[in-house]
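This report refers to the structure that appears directly beneath it.
Computed over heavy atoms, backbone and side chain alike; hydrogens, waters and symmetry mates excluded. For clarity, every value in this text was computed on a predicted model and none was experimentally measured.
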Amino acid sequence: MDKLVIVGGNKLCGEVRISGAKNASLPIMAAALLANGKCVIHNVPELDDVWVMLALLEELGVKAAFRGGVLRLDTTHAEPLTPDRELLGRIRASNLLLGSLVGRFGEAEVAASGGCSIGARPLDLHFAALQRMGVRFLPTPEGHLAFCRELRGADITLAFPSVGATENVLMAAALAEGRTVLHNAAAEPEIADLAGFINAMGGRISGAGTDTIIIDGVKKLGGAEYTVMPDRIETGTFLLAGAMCGGSVVLRGARPEHNGALLAVLRQAGAGLACGADFIAVRGGGRLQSLDVATAPYPGFPTDMQPQLAAMLCLADGCSHVCETVFENRFRYIDELKKMGASIQVSGNCAIIKGTSGLSGAEVTACDLRAGAALVLAGLAASGRTIVERADLIDRGYEDLTAKLGSLGADIRRIAAGAGRERIS
Ligand code: UD1
């Protein structure tokens with residue numbers, strides 16, 4: 001497996017452009033299946049998860065071309081087939097094909113989906129919501145067969161504002177008979193982006209981005225051209241890098257209104273921030289202050305920034321508490337940070353972090369995507385050399401991470417595991 005080699009201690013200075021959002025691109029790609037026609041989607045990041053979703057769409061008969069961040073999809077000849085199970089198992093977002101296939105064809109086969117191992121990640125909320133719209137689920141040896149004679153709008157209340165369940169309901173309801181009102185919906189900006197795309201295809205969705213979404217079903221959807229929103233988790237990761245390493249970093253294309261909780265936390269810690277309509281700048285330097293932060297559904301502090309925040313707080317002045325309320329198993333990176341000299345204790349769903357004045361480079365292993373990002377941040381701020389194993393997990397969610405950090409002055413290289421000997425690229 002590839003690894004990253006980081007020599008820490010460099011200040012980061014300059015500008016980077018934030019890529020399109022992974023977590024908006026994946027549902028938008030799934031939603032393209034709802035249309036019978038051609039879609040052109042701009043600002044799609046070239047990430048491993050995106051390539052897997054593309055391969056899944058191709059297995060369903062979609063014609064695709066992806067170059068320079070522009071994704072062209074022709075869904076005219078799509079069919080409700082069962083894609084390769086190994087592919088389905090590679091990304092959690094493969095479960096989003098459920099809403100779009102049921103919406104367009106009235107049937108879908110649901111197999112176990114994959115993704116980061118950060119908790120159980122069941123689909124009960126997705127199933128319960130779609131059942132209210134007339135979808136039935138039959139267990140099969142590999143998963144479930146979902147089918148319906150008629151997909152009808154319904155009044156649905158999610159027991160928890162699940163991002164994926166909200167997205168599946170939006171997609172299925174877009175082509176259902178009548179009106180669906182979804183209460184306690186997830187309000188993440190990526191949901192609003194998905195609704196924007198479905199509306200561009202001719203859908204009638206209002207309220208996306210709030211906790212109540214109204215979807216009036218239409219008879220059919222057509223092709224559309226759309227631009228994906230910038231990635232707020234990539235934005236957050238670079239903001240923390242700037243705050244931890246000192247120097248001055250400008251993130252072009254970043255949207256301050258999507259990062260409210262993180263910006264508030266960074267200000268509280270003492271980082272210097274400046275925001276405009278489409279940029280965020282961070283100035284680091286002095287020692288940051290400790291914080292007490294709990295993750296929560298949007299607009300709360302994002303669980304996808306929790307490991308990176310913990311890495312930053314390892315270097316803060318004082319004792320911090322970071323509590324994880326969204327996923328049950330998202331502290332597996334802590335033992336790796338401890339190898340770098342971090343002082344962290346886990347008590348239930350909270351990490352108690354005693355700030356230290358310096359971390360030291362070490363050999364560490366990423367256990368999932370954001371955990372990997374946290375180790376990279378720690379390595380950039382540490383003294384000496386850090387090796388982060390399993391760089392492939394980081395590739396799932398960060399476009400050109402090494403090149404972007406390198407352009408800011410970081411000493412970071414990727415070492416590709418070659419046949420028999422390692423190649424430096
Ligand atoms: C999405 C994001 C992921 C992010 C998460 C929370 C994508 C591709 N992934 O994941 O990066 O960390 O939102 O912001 O957009 N749950 C149930 N039953 C269900 C569904 C969810 O119990 O049927 C639980 C999950 O186990 C988890 C919590 O709800 O504990 C949040 O999950 P959810 O919001 O659905 O996250 P994802 O859509 O999987």
Side-chain angles (χ1 to χ4, degrees), residues 18-19 21-24 116 118-119 158 160-164 166-167 184-194 208-212 229-244 249-251 253-284 288-316 318 320-328 330-331 333 349-353 355 369-371 373-374 377 397-398:
I18 295 302
S19 297
K22 166 178 94 73
N23 287 352
C116 288
I118 51 183
L158 293 178
F160 177 86
S162 153
V163 172
T166 300
E167 291 167 343
N184 201 27
E188 270 72 358
E190 292 79 8
I191 308 269
D193 216 31
L194 170 64
T210 74
D211 63 1
T212 306
M229 62 175 266
D231 196 304
R232 65 193 166 96
I233 306 302
E234 185 196 26
T235 301
T237 305
F238 275 91
L239 280 176
L240 296 199
M244 287 168 77
V249 174
V250 181
L251 306 176
R255 300 268 290 275
E257 72 274 23
H258 291 167
N259 289 278
L262 178 68
L263 292 174
V265 155
L266 274 173
R267 276 197 191 97
Q268 201 187 331
L273 294 168
C275 298
D278 72 341
F279 79 89
I280 306 177
V282 60
R283 189 179 286 276
L288 298 168
Q289 297 304 306
S290 57
L291 295 168
D292 291 344
V293 177
T295 63
Y298 191 86
F301 189 88
T303 174
D304 284 353
M305 284 302 302
Q306 180 260 104
Q308 302 92 310
L309 181 75
M312 182 186 95
L313 293 174
C314 289
L315 291 164
S320 299
H321 296 80
V322 174
C323 298
E324 174 58 57
T325 74
V326 178
F327 287 106
E328 63 206 14
R330 210 161 194 181
F331 284 141
Y333 63 89
N349 68 335
C350 290
I352 302 154
I353 305 168
L369 162 59
R370 306 303 171 187
L377 294 183
Y398 292 93

Give the minimum heavy-atom separation between [X] and [Y], together with the two atoms involved.
{"X": "Ala294", "Y": "Phe301", "value": "O-CB, 3.7 Å"}
{"X": "Pro307", "Y": "Thr303", "value": "CD-O, 3.7 Å"}
{"X": "Ala24", "Y": "Glu190", "value": "N-CG, 3.7 Å"}
{"X": "Leu377", "Y": "Met244", "value": "O-CE, 3.7 Å"}
{"X": "Ala271", "Y": "Ala243", "value": "CB-CB, 4.1 Å"}
{"X": "Pro189", "Y": "Arg232", "value": "CD-NE, 3.8 Å"}

Are [X] and [Y] close enough that some pair of their side-chain heavy atoms sits under 4.5 Å apart?
{"X": "Cys323", "Y": "Val293", "value": "no"}
{"X": "Tyr398", "Y": "Leu369", "value": "yes"}
{"X": "Cys275", "Y": "Leu263", "value": "yes"}
{"X": "Phe160", "Y": "Pro297", "value": "yes"}
{"X": "Leu288", "Y": "Leu313", "value": "no"}
{"X": "Gln289", "Y": "Gln268", "value": "no"}
{"X": "Gln308", "Y": "Ile233", "value": "yes"}

Main-chain N/O of [Y] paired to [X] side chain as donor or acceptor, under 3.5 Å:
{"X": "Asn259", "Y": "Leu262", "answer": "no"}
{"X": "Asp292", "Y": "His321", "answer": "yes"}
{"X": "Asp278", "Y": "Ala254", "answer": "no"}
{"X": "Asn184", "Y": "Leu158", "answer": "yes"}
{"X": "Glu188", "Y": "Tyr298", "answer": "yes"}

- Query: Roughly how far, to the nearest 0.5 Å, is the CG atom of Leu239 from the CG atom of Leu309?
  - Reply: 12.0 Å
- Item | Check ion pair Asp304-Arg330 (N to O, under 4.0 angstrom) | yes
- Message: Pair Leu266, Leu240 - check side-chain contact (heavy atoms from CB on, under 4.5 Å), show working.
- Response: CA-CA 8 Å; Leu266 274 173; Leu240 296 199; 3.5 Å; yes
- Query: Are Thr295 and Gln306 linked by a side-chain donor-acceptor pair shorter than 3.5 Å?
  - Reply: no
